[in-house]
Amino acid sequence: MPISLYNSLTRRTEPFVPADPARVTMYLCGPTVYNYVHIGNARGPVVFDVLVRLLHRHYPQVVYARNITDVDDKINTAAQQQGVPIGTITERFARAYREDMAGLGVTPPDIEPHATAHIGPIIAMIENLLQSGHAYVAEGHVLFDVGSFPAYGELSGRDPDELIAGSRVEVAPYKRSPGDFVLWKPSTPELPGWDSPWSHGRPGWHIECSAMSAAHLGETIDIHAGGIDLLFPHHENEIAQSTCAHGGKVFARWWMHNGMLTFDGRKMSKSLGNVLLVHELLKQHPAEALRLRLLSGHYRQPLDWSDGAIAQATSTLDGWYRVLRDMADVELTTPLPIPERMEAALCDDLNTPQALAELSVLADAARQSGSAEAKAALLGGGALLGLLQQAPEAWFRRGESAIDEAHIEDLLQQRRAARAARDFARADAIRDELTALGIAIEDSAQGTRWSVLSS
RNA sequence: GGCCAGGUGGCAGAGUGGUCAUGCAGCGGCCUGCAAAGCCGCGUACGCCGGUUCGAUUCCGACCUUGGCCUCCA
């Protein structure tokens, strides 16, 4: 089944054909690690995790890199405020990031390059750009000369001239042209820095991705992904640097951008302050419900975040896990199948909402047939999206560890006795008691089941 | 101001030139001691105005409106 992906560069959905089918390469712009990430930051990693899983089913080798930006002015600020070296900050939040992503069921990337571990390649790339006339030195800075790259603006559809006219930022006096951007900037003695031919300094924001992508994946890669807010200037600048440093070679063949997560109708962003940290959300809600919510809209569309949406996702998963719980005794066929209609939806530019609709069909089929094949299809379909990955009992426990199961079983036993004696008032009183404990019960032919009520 | 993407039923959210999205919630019924779950059924959704068409939510144009980027940002 061929994969089609929307390419931001051509603004069309095109059949995906890797340059080398034996080795598909993909790079995702990762976090700057100076704080916990918010749920909007997690959308890209989650949807592109689904893409990587899809690519793995179609190609023998997929090399997936997701960087860690561990040198940056915000990191410097945080380190100075707390009076610690930047490494203390970056290591702490890089670890938190890995934990948060793991919590959301994101498979770790094959490579997680760190900017500070690539200062050599970064300096080499800057030297290359200077020698080829695409960059210039000014007051200890090295700047990219946008005018030297005629294709500048192609990705974002911007005209460099109009860009300058509409520029809202104050233009640094050492820039030849307002659109020029920093490749290297000098550091003061208090700030982290590395020796270079131009100054004791540090890399600009955009150059690290270009250098690390080339170092690990090659000069031309198949897919470069990130949030739509990175389209300009970050990705535009990456294209300019990499293309010029590599003698005009194409940098990324596909550019993919996920839409923004909104909250109260506005983009969730640190500068607006309307953020919900993944770290906190994972404590309050089932992780799979968060993941399901992130996948319930098409990745290129904006997606609104709300408590109601999380509750809805939780209810949906309740239904699917209920099917699996009822089928606990059904032996699985292995390996799990790849449901064709779900795969087709994902092959169509990662249409996760359509895939989820198909997953609902599979859940209905499993509930109605009770067959091993249907159960395997449901689990196989869930696996395509990284959902239904836990035991049903664990899901219905909601991760609560402080449950007095013996007490619950005791109450259920008393209720059973009351019902047998047709003392329904007593039976209902016990149910009320369980409800007060946050426990929901269901009578069925197989006996009474209980689960933890959603908060 | 420039560039870009949206406006679908109570909510979320796909999709399509002409019977069906799907999920959540709601309502009626069956079942149940009662709940819950399950099953059956129900609701005349596509911003507005024109145009093309036998027929448009889907194509074209105008308008209204929301949001994103142009500065750090997933």
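Lettering of chains follows the sequences in order, A, B, ..., and the numbering in each one begins at 1.
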_Per-nucleotide protein contact string for nucleotides 23-28 of chain B (B base, S sugar-phosphate only, - none; heavy atom under 4.0 Å)_ = BS----

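In this structure, S156(A) reaches the sugar-phosphate backbone alone: every heavy-atom distance under 4.0 Å involves primed, P, OP1 or OP2 atoms, never a base. Contact annotation for R415(A): base contact, defined as any heavy-atom pair under 4.0 Å involving a base atom. When heavy atoms are screened at a 4.0 angstrom cut-off, I441(A) is found touching base atoms of the nucleic acid. Across all strands, L230(A) comes closer than 4.0 Å only to sugar-phosphate atoms, never to a base (heavy-atom distances). Residue L359(A) is classed as having no contact, given no heavy-atom separation below 4.0 Å to the nucleic acid.
Residues H235(A) and H257(A) bring their aromatic ring centres within 6.0 Å.
Rounded to whole Å, atom P of rU22(B) lies 12 Å from atom CZ of R341(A). rG13(B) atom P lies 17 Å from atom OH of Y299(A), rounded to whole Å. Residue W450(A) contributes atom CH2, which lies 19 Å from atom C1' of rA35(B) at whole-angstrom precision. Nucleotide rG2(B) holds its P atom 20 Å from the CD atom of E236(A), rounded to whole Å. Between the P atom of rG38(B) and the CE atom of M327(A) lies a distance of 15 Å, rounded to the nearest Å. Rounded to whole Å, the distance from CG on L294(A) to P on rG13(B) is 12 Å. N237(A) places its CG atom 12 Å from the P atom of rC70(B), with the value rounded to the nearest Å. The separation between Q446(A) atom CD and rA36(B) atom P is 19 Å, rounded to whole Å.
Between F144(A) and F181(A), the ring planes lie parallel to each other; the angle is under 30°, not in the 30° to 60° tilted range.
rU65(B) and rU8(B) are spaced 15 Å apart, taking the C1' atom of each and rounding to whole Å. Between rG2(B) and rG9(B), the two C1' atoms lie 37 Å apart (nearest whole Å). For rU22(B) and rA35(B), the P atoms lie 29 Å apart once the distance is rounded to whole Å. For rC20(B) and rC42(B), the C1' atoms lie 15 Å apart once the distance is rounded to whole Å. Of the P atoms belonging to rC49(B) and rA56(B), the separation is 14 Å, rounded to the nearest Å. For the P atoms, the distance linking rU19(B) with rC46(B) amounts to 15 Å, nearest Å. Look at the C1' atom in both rC24(B) and rG43(B): the space between them is 16 Å, to the nearest Å. Nucleotides rC48(B) and rG7(B) have their C1' atoms positioned 11 Å apart, rounded to a whole Å.
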At a cut-off of 3.5 Å, list every protein nitrogen or oxygen paired with a nitrogen or oxygen from nucleotides 58-61 of chain B, distance to 0.1 Å.
none

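No side-chain donor-acceptor contact under 3.5 Å links H279(A) and H38(A). Side chains of D410(A) and Q414(A): a donor-acceptor N/O pair is present below 3.5 angstrom, by distance only. No hydrogens or angles considered: nothing links the side chains of Y97(A) and N41(A) as a donor-acceptor pair under 3.5 Å. There is no side-chain donor-acceptor pair under 3.5 Å between N76(A) and Y34(A). Counted by atom type alone, D349(A) and S4(A) present zero donor-acceptor pairs between their side chains at under 3.5 Å.
Residues R158(A) and E236(A) form no side-chain contact, since every pair of their non-hydrogen atoms from C-beta on lies 4.5 Å or further apart. The side-chain heavy atoms of L384(A) and I338(A), taken from C-beta on, include a pair separated by under 4.5 Å. In this structure, the side chains of M260(A) and M268(A) stay at 4.5 Å or more apart for every pair of heavy atoms.
Pairs of residues two or more places apart, or lying in two chains, never qualify as ring pair (Phe, Tyr, Trp, His ring centres under 6.0 Å) while including a residue from residues 289-314 of chain A. Screening residues 343-395 of chain A for ring pair (Phe, Tyr, Trp, His ring centres under 6.0 Å), with sequence neighbours left out, gives Y321(A)-W395(A).
Mapping I228(A) and V361(A) onto RNA chain B by nearest heavy atom places V361(A) closer to the 5' end of the strand.
Nearest nucleotide to the side chain of A427(A), out of rA37(B), rA74(B), rG33(B): rG33(B). With distances taken from any side-chain atom of D443(A) to the nucleotides rC34(B), rG33(B), rA74(B), the minimum falls on rC34(B). Side-chain proximity of E442(A) to rG2(B), rU22(B), rA37(B): nearest is rA37(B). Comparing atom distances between the K74(A) side chain and each of rC69(B), rG38(B), rC72(B) picks out rC72(B) as nearest. If you check rG15(B), rA12(B), rG33(B) against the side chain of N351(A), the one that comes closest is rG15(B).
The base of rC72(B) is not paired with the side chain of D72(A) by any donor and acceptor separated by under 3.5 Å. No N or O donor and acceptor, one from the side chain of R367(A) and one from the base of rG38(B), sit under 3.5 Å apart. Within 3.5 Å, a donor on the side chain of R431(A) pairs with an acceptor on the base of rA35(B), or the reverse.
RNA chain B lies under 4.0 Å from at least one heavy atom of each of the following residues of residues 33-54 of chain A: H38(A), G40(A), N41(A).
Ionic pairing of D229(A) and K267(A) is present here: one or more N-O contacts between side-chain nitrogen and carboxylate oxygen are shorter than 4.0 angstrom.
Considering only side-chain N and O atoms, R11(A) lies nowhere under 4.0 angstrom from the phosphate OP1 or OP2 of rA5(B). Neither OP1 nor OP2 of rA74(B) sits under 4.0 Å from any side-chain N or O of K267(A). Residue Q368(A) places at least one side-chain N or O closer than 4.0 Å to OP1 or OP2 of rC39(B).
Consecutive Watson-Crick or G-U pairs involving RNA chain B, each under 3.5 Å on both distances, make up stems of three or more pairs at B:1-7 with B:64-70, B:10-12 with B:22-24, B:26-30 with B:38-42, B:49-51 with B:59-61.
Side chain of R291(A) to main chain of L385(A): a donor-acceptor pair is present (N/O by atom type, distance under 3.5 Å, no hydrogens or angles).
Heavy atoms only, all atoms of each residue included: N274(A) and S269(A) are closest at OD1-N, 3.0 Å.
With respect to D443(A), the side chain to side chain donor-acceptor pair (under 3.5 Å) criterion is satisfied by exactly one of R415(A), R431(A), R449(A): R415(A).
The cationic atom of R419(A) (NZ for Lys, CZ for Arg) does not lie both less than 6.0 Å from the six-membered ring centre of F424(A) and within 45° of the ring axis.
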